[in-house]
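Naming: A, B, ... by sequence-line order, numbering from 1 per chain. Every heavy atom of this structure was used, including side-chain atoms; hydrogens, water molecules and symmetry mates were not.
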Protein chains: 2
Amino acid sequence: MTDSAVESTDRKILQLLASDGRMSFTDLGKATGLSTSAVHQRVKRLEQRGLIQGYGATVNHAELGLPLTAFVSIRPIDPSQPDDCPDRIRDITEIESCWSVAGTEAYLLKVRTATPAALEDLLGRIRNVANVSTRTTIVLSTYYENRPVTD
Amino acid sequence: MTDSAVESTDRKILQLLASDGRMSFTDLGKATGLSTSAVHQRVKRLEQRGLIQGYGATVNHAELGLPLTAFVSIRPIDPSQPDDCPDRIRDITEIESCWSVAGTEAYLLKVRTATPAALEDLLGRIRNVANVSTRTTIVLSTYYENRPVTD
DNA sequence: CGTGAAAACGACTTATG
DNA sequence: CATAAGTCGTTTTCACG
């Protein structure tokens with residue numbers, strides 16, 4: 001079952017914009033059978049409703065000098081301490097994503113660094129600032145990432 | 001150290017486009033102190049060089065009817081079989097990302113579903129089509145995802 | 001919510017330093 | 001590789017159904 005508050009035309013627009021965030025309203029109109037300004041109104045509404053959270057360019061991190069991707073699982077060392085880990089690590093720029101997860105560990109991070117040494121340094125900073133232990137999984141190869149998933 | 005093949009202005013452009021993929025060349029110019037057409041040339045070059053891999057809209061999956069996010073670790077059951085797992089699962093639309101990783105398991109997937117039952121069904125399909133065992137970590141909350149990491 | 005038209009703005013090309 | 005100028009397409013707003 002799909003959310004009835006987002007109907008077919010809006011879903012189509014979301015799908016198209018998810019795969020090409022710079023598609024023009026004119027082209028979106030051709031693809032959906034709507035006029036340019038009808039599409040324009042719908043997109044603005046989707047943005048206001050928060051269904052479109054933003055637009056971004058996908059950057060080639062390897063070519064940019066950040067070839068090392070890793071997942072870092074995090075567990076607080078002292079369970080009696082207030083757990084404000086996400087706040088404490090927010091400003092660490094190497095962290096691309098931060099989730100809280102069910103299971104043995106409390107948080108999962110996705111990080112990008114230039115070298116193994118930079119990863120080592122990063123892990124040290126995370127442990128220090130948040131008083132946590134870490135478990136790291138290195139990414140060997142990325143088949144695909146952030147593929148549009150709309151249904 | 002940063003990659004000398006991508007210098008400061010290009011990095012700035014990449015950073016700006018990573019956070020706002022629909023920013024106009026005019027505004028990129030104002031933000032970088034370059035003329036519109038200079039920025040235009042640089043962006044086209046960044047696209048051709050593959051440093052910009054594409055543009056996308058960030059979609060609110062919860063509101064779209066896919067509130068459940070999970071990470072699925074994958075291990076082949078029969079190590080003597082050819083390992084074409086990524087090929088076998090490529091057409092499963094619930095899979096947003098697919099990495100091969102170092103460690104006990106061979107692959108890591110990020111998936112989105114509507115319900116726990118849909119996740120159960122998805123895991124069954126993955127195991128069947130790729131002859132693998134799975135270990136699943138449920139995401140409880142997303143603090144942030146795909147934050148621009150450019151240095 | 002849709003359309004179509006008009007005005008403002010940005011994209012893209014070409015010529016030039 | 002940068003800039004300036006001109007054309008063309010897109011965005012945005014508006015009045016209206």
note = Apart from A/Val149 itself, members of its ILVMFWY cluster (side-chain separation under 4.5 Å) are B/Leu66
message = What is the first contacted nucleotide of DNA chain D and what is the last, in 5' to 3' order, if contact means an atom lying under 4.0 angstrom from a heavy atom of chain A?
response = D/dT10 to D/dT13
Name all pairs fulfilling the salt bridge (charged side-chain N to carboxylate O under 4.0 Å, His left out) condition that reach into [range], sequence neighbours left out, sorted by first residue then second.
{"range": "residues 141-150 of chain A", "value": "A/Lys110-A/Glu145, A/Arg112-A/Glu145"}
{"range": "residues 30-39 of chain A", "value": "A/Asp27-A/Lys30"}
{"range": "residues 67-80 of chain B", "value": "B/Arg75-B/Glu105"}
{"range": "residues 34-43 of chain B", "value": "B/Glu7-B/Arg42, B/Asp10-B/Arg42"}

inquiry  = In the structure I gave you, are the side-chain heavy atoms of B/Leu14 and B/Leu46 within less than 4.5 Å of one another anywhere?
reply    = yes
Min side-chain heavy-atom separation A/Leu16-A/Asp20 under 4.5 Å = no
ask   = What pairs meet the ring pair (Phe, Tyr, Trp, His ring centres under 6.0 Å) rule with one or both residues in residues 14-49 of chain B, with sequence neighbours excluded?
value = B/Phe25-B/His40
key: ring pair (Phe, Tyr, Trp, His ring centres under 6.0 Å) partners of residues 56-94 of chain B, not counting sequence neighbours, each pair once   = A/Phe71-B/Phe71, A/Trp99-B/Phe71
ask   = Should we say atom CD of A/Glu120 is surrounded by more than 12 heavy atoms from elsewhere, each under 6.0 Å from it?
value = no
message = Heavy-atom count check: over 12 atoms from other residues, nucleotides or ligands less than 6.0 Å from A/Gln81 CD?
response = yes
inquiry  = Rounding to 10°, can you tell me the angle the first-five-pair axis of the helix from C/dC1-D/dG17 to C/dG17-D/dC1 makes with its last-five-pair axis?
reply    = 30°
inquiry  = Suppose we screen for side chain to side chain contact (heavy atoms under 4.5 Å, CB included). Which residues come up paired with A/Ser100, at least two apart in sequence or across chains?
reply    = A/Tyr107, B/Leu140, B/Ser141, B/Tyr143
key: Sorted by number, the residues of residues 22-40 of chain B with heavy-atom contact under 4.0 Å to DNA chain C   = B/Ser24, B/Phe25, B/Thr26, B/Ser37, B/His40
Polar atom pairs between nucleotides 15-17 of chain C and protein, under 3.5 Å, N or O only, would you list them?
none

